[in-house]
Amino acid sequence: MKKIIFEQLSNMILATLLASAVATTIAGSTMNTNSSDYLVEIHFDKLWLVFILAAFIFTVLRYGYSKYFGKHDGYDTKNAELSYQDEREQIISQHATKITYQFMSNILAASLVILVFGNALTSSVLVLRLMPVILIAVCLNLMLFVYLIAWIFYDHKL
Amino acid sequence: MEVVNHVQYYRKQAGLTQENLAQLVTVSRKTINSLERGNYTPSLLLALQIAKVLHLDINDIFSIEE
């Protein structure tokens, strides 16, 4: 169970950092198509550096975990959250994946509806530009969280 | 139909702990514990491995209850 908590928490932190970095780029970038000079300015915030740094740290931590602690609980960097120690954990992983898939179908459908009616919800251009990023980030984090909770639930049940 | 097992009884008779048996059949201790409590039905492969380690016939350890 520790490996799944470790993996999912690191994934959630990275997903949030990536979404934040993308959001700052979208918010800070400008595009001018009115004049004859087509001008696009893409702004990269410090958050990108934080994200790259965090990704590097978590990669090192994953390798460290797989080498020292993960040997005993079946963690490997290739399978990540789908790692399993034995057949029981493999079944738990399959159940958790199924629950996550079912949840994601609903949450993605809800996101599409929010995107469609986004114009009615706000008049801010910035919010409209950021809305897809926020929705994808929320969906991604929810998916990772649901998998974690489902895994813990079935680990206690089975 | 339900699969019932006598793993705990035969394991104790063999003088093995859950950890020992888990190591012998290369699963986690939690899997053996879950199996003994009847929460988890093992695969045929694991059932055969347990029977082999305990030097018993698979039918002595696992049976179907209707």
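Basis for what follows: all heavy atoms, side chains included, without hydrogens, waters or symmetry-related copies. In what follows, every chain begins at residue 1, and chains take the letters A, B, ... in the order their sequences are listed.
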Single-linkage hydrophobic cluster Phe145(A)~Tyr154(A), side-chain heavy atoms < 4.5 angstrom = yes
Is the number of heavy atoms from other residues, nucleotides or ligands under 6.0 Å of Tyr9(B) OH greater than 12?
-> no
Shortest non-hydrogen separation from Asp155(A) to Lys30(B) and the atoms involved = OD2-NZ, 2.6 Å
Mind checking whether Ile149(A) and Val146(A) sit in one hydrophobic cluster, side chains of I, L, V, M, F, W, Y counted as touching below 4.5 Å?
-> yes
Answer yes if Leu45(B) and Phe62(B) sit in the same cluster of Ile, Leu, Val, Met, Phe, Trp and Tyr residues linked by side chain heavy atoms under 4.5 Å apart, and no otherwise.
-> no
Side chains of residues 48-60 of chain A: which donor-acceptor pairs under 3.5 Å do they make with residues two or more places apart or in other chains?
from     : atom 1 : to       : atom 2 : distance (Å)
Trp48(A) : NE1    : Ala21(A) : O      : 3.2
Trp48(A) : NE1    : Thr25(A) : OG1    : 2.6
Thr59(A) : OG1    : Ala55(A) : O      : 2.6

Quick one: which residues of residues 81-103 of chain A reach chain B at under 4.5 angstrom, heavy atoms only?
-> Gln85(A), Asp86(A), Glu87(A), Arg88(A), Ile91(A)
Among the clusters formed by ILVMFWY side chains lying less than 4.5 Å apart, do Phe6(A) and Tyr63(A) turn up in the same one?
-> no
